[in-house]
Student: 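I am attaching a structure below and will ask some questions about it afterwards.
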Amino acid sequence: MRRIQKLETFANEFVCFVKLTTDSGAVGWGQTSTYHADITAQVFHRQVAPWALGADALAIEPLVARIEEREHKYPGSYRCRALAGLDTAMWDLRGKLEGKPVVELLGGKSGKLRAYASSMKRDITPKDEAARLVRWRDEQGFDAFKWRVAAECGRDVDEWPGRTEDIVPTVSRALGDGVAKLVDANSGFSVARAIEVGHLLQDEGVSHFEEPCPYWHLEQTQQVTDALELDVTGGEQDWDLATWARIIDQRVVDIVQPDVMYMGGLSKTLQVAAMAAKAGLPCTPHSANLSLVTLCTMHLLGAISNAGKYLEFSIEGADYYPWQQELFLGEPYAVEDGCLTIPSSPGWGVEINPMWLASATYQCSELS
């Protein structure tokens, strides 16, 4: 049995990578969730590492479940964000020990994935958004796009007056026929307003309406789902399996969108995907930046039976996400004809940039 000997973190405000070393010297790399990652690193060393050191390095699901039990007084986002670092490092370790990419450990195989080009911007005019998405269509070959409506948690107050009514037809018509069109409201609307906007989306050929209402009010989202013909989607913020059971059993959404890092890692995300598959619901995970989360999601989508139509691929660069630059060596996110390729190398199939690691804040927990 290989046991976890050492857990090291390399963190800044935005990203925290985790290095797991076993008593035999084998190594796996993972990542906690992004944002306030320096705080998550503290949680990791205080509330995750003590339970993980000395544990079986290959017993991923049992260890994740046990740590959640031991830290039962601290449910919530930070515990899951920290657990994701351990879980993803354990999957990488297992893949490297078996000489297989994670997708093969899950019963899938490497290959190409259709992606949708995902815009994160709300401070962009409809005309400019349409122009840049058309460029991504023409230059990168994407045939699916998502853009933003509402204002984040906006309580029916748009980013500026009339923006939603303007951007929906402007972008949709510019992209033209034969293109999948998705929008994200980020909890921005009341039920009545979401249904009103939903009818506009349907009229303009949009097929995916993400997080229309405050995500924590499941009954509001369900009312929107019941009222519209297009797919209402959500779940990126949810980490609790009991909440997920309600979402799926009550069919609050048409498509589930767990985030591997927000969930606490691949193991719990697989549970959500399996619950959704049993209910006949597709799984199109949230992966809104180009840290390790999108790679983990690629491996997941290559293996689950109810994988959605596409992978979320953020199109934002250094002007929007300066912190995601130069995280990895090589180009793990190369786009070809609107598709990305699941790595075939062992583990996650990526090497973290040593220069980035050298610039990060280092902490270590080790078995004495």
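Just so we're clear, the structure is a prediction, and the values are computed from it rather than from any experiment. For this chain, numbers begin at 1 and follow the sequence in order.
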Student: Are K309 and T284 packed together at the side-chain level, in the sense that at least one heavy-atom pair is separated by less than 4.5 angstrom?
Tutor: no

Student: Which pair of non-hydrogen atoms, one from I248 and one from A279, has the smallest distance, and what is that distance?
Tutor: CG2-CB, 3.5 Å

Student: Can a salt bridge be assigned to the pair K268 and E68 using a cut-off of 4.0 Å between side-chain N and carboxylate O?
Tutor: yes

Student: List the steps and the verdict of side-chain contact (heavy atoms from CB on, under 4.5 Å) for Q271 and L241.
Tutor: CA-CA 8 Å; Q271 292 182 60; L241 291 176; 3.3 Å; yes

Student: How about H45: does its NE2 atom have over 12 heavy atoms from other parts shown lying under 6.0 Å from it?
Tutor: yes

Student: Taking the side chain as everything from C-beta on, heavy atoms only, tell me whether D184 gets closer than 4.5 Å to W147.
Tutor: no

Student: Under a 4.5 Å cut-off applied to non-hydrogen side-chain atoms, are T269 and L300 in contact?
Tutor: yes

Student: With rounding to the nearest 0.5 Å, note down the distance linking OG in S287 to CZ in F313.
Tutor: 9.5 Å

Student: Considering all heavy atoms of both residues, which atom of E326 and which atom of N353 are nearest to each other, and what is their separation?
Tutor: O-ND2, 3.1 Å

Student: Yes or no on salt bridge (Lys or Arg N to Asp or Glu O under 4.0 Å) for D143 and R114, after CA distance, side-chain angles and deciding distance?
Tutor: CA-CA 9 Å; D143 65 356; R114 180 190 182 197; 2.9 Å; yes

Student: Under a 4.0 Å threshold between the charged nitrogen and the carboxylate oxygen, would E69 count as salt-bridged to R79?
Tutor: no

Student: Look only at the side chain of D254 and the backbone of T233, and say whether a donor-acceptor pair between them is shorter than 3.5 Å.
Tutor: no

Student: Report the distance from atom OH of Y262 to atom OG of S33, rounding to the nearest 0.5 Å.
Tutor: 5.0 Å

Student: Are side-chain heavy atoms of I304 and C283 found at a separation under 4.5 Å?
Tutor: yes

Student: Between R3 and D23, is there a salt bridge with N-O shorter than 4.0 Å?
Tutor: no

Student: Going through the checks in order, is the ring-ring contact (aromatic ring centres under 6.0 Å, His included) test met by F10 and F17?
Tutor: CA-CA 5 Å; F10 304 79; F17 288 115; 8.3 Å; no

Student: Kindly indicate whether the side chain of I352, heavy atoms from C-beta on, has any atom under 4.5 Å from the side chain of Q31.
Tutor: no

Student: Using 0.5 Å steps for rounding, measure from the CG atom of L105 to the NZ atom of K100.
Tutor: 6.5 Å

Student: To the nearest 0.5 Å, what is the distance between CG on L295 and NE2 on H299?
Tutor: 5.5 Å

Student: Which pair of heavy atoms, one from L230 and one from Q202, lies closest together, and at what distance?
Tutor: N-OE1, 3.1 Å

Student: List the steps and the verdict of side chain to side chain donor-acceptor pair (under 3.5 Å) for E152 and S187.
Tutor: CA-CA 6 Å; E152 190 169 0; S187 297; over 6 Å; no

Student: Quick one: does T22's side chain have a donor or acceptor within less than 3.5 Å of a partner on S24's backbone?
Tutor: yes

Student: Output the distance between atom CG (L201) and atom CD (E229), rounded to the nearest 0.5 Å.
Tutor: 12.5 Å

Student: Got a second to check how far E196's CD is from T164's OG1, nearest 0.5 Å?
Tutor: 10.0 Å

Student: Crowded around R155 CZ? As in, over 12 foreign heavy atoms under 6.0 Å?
Tutor: no

Student: Got K73 and E71 here, is their nearest side-chain heavy-atom distance under 4.5 Å?
Tutor: no

Student: Check for me whether the distance between the ring centres of Y321 and W323 falls short of 6.0 Å.
Tutor: yes

Student: Starting from V43, can I reach I4 by hopping between I/L/V/M/F/W/Y residues whose side chains sit under 4.5 Å apart?
Tutor: no

Student: Carefully, step by step, assess E336 and K112 under the rule salt bridge (Lys or Arg N to Asp or Glu O under 4.0 Å).
Tutor: CA-CA 9 Å; E336 183 178 356; K112 289 188 176 181; 3.6 Å; yes

Student: Is F14 reachable from Y320 through a run of I, L, V, M, F, W or Y residues, each pair having side-chain heavy atoms under 4.5 Å apart?
Tutor: yes

Student: Might you confirm whether atom OH of Y74 has over 12 heavy atoms from other residues, nucleotides or ligands at distances under 6.0 Å?
Tutor: no

Student: I need the minimum non-hydrogen distance between Q5 and L53, along with the two atoms involved.
Tutor: O-CD2, 3.6 Å

Student: Might you work through the side chain to side chain donor-acceptor pair (under 3.5 Å) test for W29 and T88, ending with a clear yes or no?
Tutor: CA-CA 7 Å; W29 284 91; T88 53; over 6 Å; no

Student: Taking a hydrophobic cluster as the set of Ile, Leu, Val, Met, Phe, Trp and Tyr residues connected by side-chain heavy atoms closer than 4.5 Å, whether directly or through intermediates, do V171 and I315 fall within one such cluster?
Tutor: yes

Student: Do other residues, nucleotides or ligands put more than 12 heavy atoms under 6.0 Å from the CZ atom of R163?
Tutor: yes

Student: Shared ILVMFWY cluster between V149 and Y215, side chains joined below 4.5 angstrom?
Tutor: no

Student: Check for a donor-acceptor pair, side chain of D56 on one end and backbone N or O of L58 on the other, with a separation under 3.5 Å.
Tutor: yes

Student: Look at the side chain of T21 and the backbone N and O of G25, then say whether any donor-acceptor pair between them is shorter than 3.5 Å.
Tutor: no

Student: Is there a side-chain contact (heavy atoms from CB on, under 4.5 Å) between L311 and T294? Walk through the geometry before answering.
Tutor: CA-CA 8 Å; L311 165 78; T294 298; 4.2 Å; yes

Student: Within the 4.5 Å heavy-atom criterion, are H199 and L228 side-chain neighbours or not?
Tutor: yes

Student: Can you list the steps and then say if S291 with N289 is a side chain to side chain donor-acceptor pair (under 3.5 Å)?
Tutor: CA-CA 6 Å; S291 68; N289 62 72; 2.6 Å; yes

Student: Do the side chains of K121 and D319 get close enough for a salt bridge, i.e. N-O under 4.0 angstrom?
Tutor: yes

Student: Using ring centroids (six-membered ring only for Trp), state whether W239 and Y78 fall under 6.0 Å.
Tutor: no

Student: Given S172 and K181, is the side chain to side chain donor-acceptor pair (under 3.5 Å) satisfied, shown in steps?
Tutor: CA-CA 7 Å; S172 181; K181 300 162 186 176; 3.2 Å; yes

Student: What pair of heavy atoms forms the shortest contact from L218 to V252, and how long is it?
Tutor: O-CG1, 3.6 Å

Student: If only atom types and distance count, is the side chain of D158 paired as donor or acceptor with the main-chain N or O of P161 below 3.5 Å?
Tutor: no

Student: Applying side chain to side chain donor-acceptor pair (under 3.5 Å) between H286 and each of Q257, E211, Q237, E236, report the one that passes.
Tutor: E236

Student: Counting only heavy atoms from other residues, nucleotides and ligands, does the tally under 6.0 Å from CD of Q325 exceed 12?
Tutor: yes

Student: Are W348 and L301 in one and the same hydrophobic cluster, where Ile, Leu, Val, Met, Phe, Trp and Tyr link if side-chain heavy atoms are under 4.5 Å apart?
Tutor: yes

Student: Could you walk me through whether N306 and L281 satisfy the side-chain contact (heavy atoms from CB on, under 4.5 Å) test, starting with their C-alpha distance in whole Å, then the side-chain angles of each, then the deciding distance to 0.1 Å, before giving a yes or no?
Tutor: CA-CA 7 Å; N306 59 327; L281 297 178; 5.7 Å; no

Student: Go through I247 and D238 one step at a time and tell me if the side-chain contact (heavy atoms from CB on, under 4.5 Å) criterion holds.
Tutor: CA-CA 10 Å; I247 291 171; D238 293 293; 3.6 Å; yes

Student: Taking only Lys NZ, Arg NE, NH1 and NH2, and the carboxylate oxygens of Asp or Glu, determine whether E104 and K109 approach each other closer than 4.0 Å.
Tutor: no

Student: Identify the two heavy atoms, one from A194 and one from C213, that lie closest to each other, and give their separation to 0.1 Å.
Tutor: CB-SG, 4.1 Å

Student: With the threshold set at 4.0 Å, does a side-chain nitrogen-carboxylate oxygen contact exist between R132 and D128?
Tutor: no

Student: Is there side-chain contact between I167 and R148, with at least one heavy-atom pair below 4.5 Å?
Tutor: no

